[in-house]
Amino acid sequence: QPFSKESKDFTTSQILDKHVSIKVLARDQYGRIVAKVTYGMWPFQKNLSKQLLQRGLAAIYRSSGAEVAFEGKQDVYERTEAAAKRKKLGMWSLGKKLVLPRDYKAK
């Protein structure tokens, strides 16, 4: 997937040797854990998902059951992703060449 290396590198740079909290929210239909990852010390904690979305290094998972991951704040994640898309950051810089994971899996 495009920008997977950049996403991994960003994640590593942000959480390696840092205080990380993982809040398990659910299990998906495949038994995988869905969790909220925050890092840093209070009151300066950052949400890893939002940080990735802001940089265009992730896309929102919109399939059935995904709403649990938003903890009632789906609009915040949607706006964050939309801003990165509008600015053509990360994966969004590929324009029409971008194949999102959900589209790739549908093939």
Spacing of CZ belonging to F3 relative to CG belonging to D9, to within rounding of 0.5 Å: 12.5 Å
I would like to know whether V37 and V20 meet side chain to side chain contact (heavy atoms under 4.5 Å, CB included); could you show each step before the answer? CA-CA 7 Å; V37 178; V20 177; 3.9 Å; yes
Distance col, row T80:OG1 vs L52:CG, nearest 0.5 angstrom, shows 11.5 Å
Dump the intermediate steps for side chain to side chain contact (heavy atoms under 4.5 Å, CB included) on K50 and V76, then the final yes or no. CA-CA 9 Å; K50 286 183 195 173; V76 173; 3.8 Å; yes
Set out, in order, the CA-CA distance, both residues' side-chain angles and the distance that settles side chain to side chain contact (heavy atoms under 4.5 Å, CB included) for W92 and E81, then state yes or no. CA-CA 10 Å; W92 305 112; E81 182 187 72; 3.8 Å; yes
Should the heavy atoms of other residues, nucleotides or ligands under 6.0 Å from NZ of K73 be counted, would the total exceed 12? no
Is there a continuous path of hydrophobic side-chain contacts, each under 4.5 Å between heavy atoms, that joins L94 to L53? no
Residues Y61, D28; criterion side chain to side chain contact (heavy atoms under 4.5 Å, CB included); working and verdict: CA-CA 12 Å; Y61 181 74; D28 69 8; 5.7 Å; no
Return the CD to CG distance between Q1 and L100, rounded to the nearest 0.5 Å. 8.5 Å
Side chains of Q54 and L89: does their closest heavy-atom pair fall under 4.5 Å? no
Between M91 and L57, is any pair of side-chain heavy atoms under 4.5 Å apart? no
Distance check, rounded to the nearest 0.5 Å: T11 atom OG1 versus L16 atom CG? 11.5 Å
Salt bridge (charged side-chain N to carboxylate O under 4.0 Å, His left out) pairs touching residues 87-99, sequence neighbours excluded, are none
Do L25 and I22 sit in the same hydrophobic cluster, where Ile, Leu, Val, Met, Phe, Trp and Tyr count as joined when their side-chain heavy atoms come under 4.5 Å apart? no
Please, which pairs that meet salt bridge (charged side-chain N to carboxylate O under 4.0 Å, His left out) have at least one residue in residues 35-48, sequence neighbours excluded? K36-E71
Measure the shortest side-chain to side-chain distance between F10 and I15 over non-hydrogen atoms and say whether it is less than 4.5 angstrom. no
Heavy-atom nearest pair, G56 first then A84, reads N-CB, 4.0 Å
Nearest 0.5 Å please: distance from the NZ atom of K8 over to the OG atom of S13. 10.5 Å
State, with a plain yes or no, whether a side-chain heavy atom of L48 is found less than 4.5 Å away from one of T38. no
If we ignore angles and hydrogens, is there a donor and acceptor under 3.5 Å between the side chains of Q45 and Y39? no
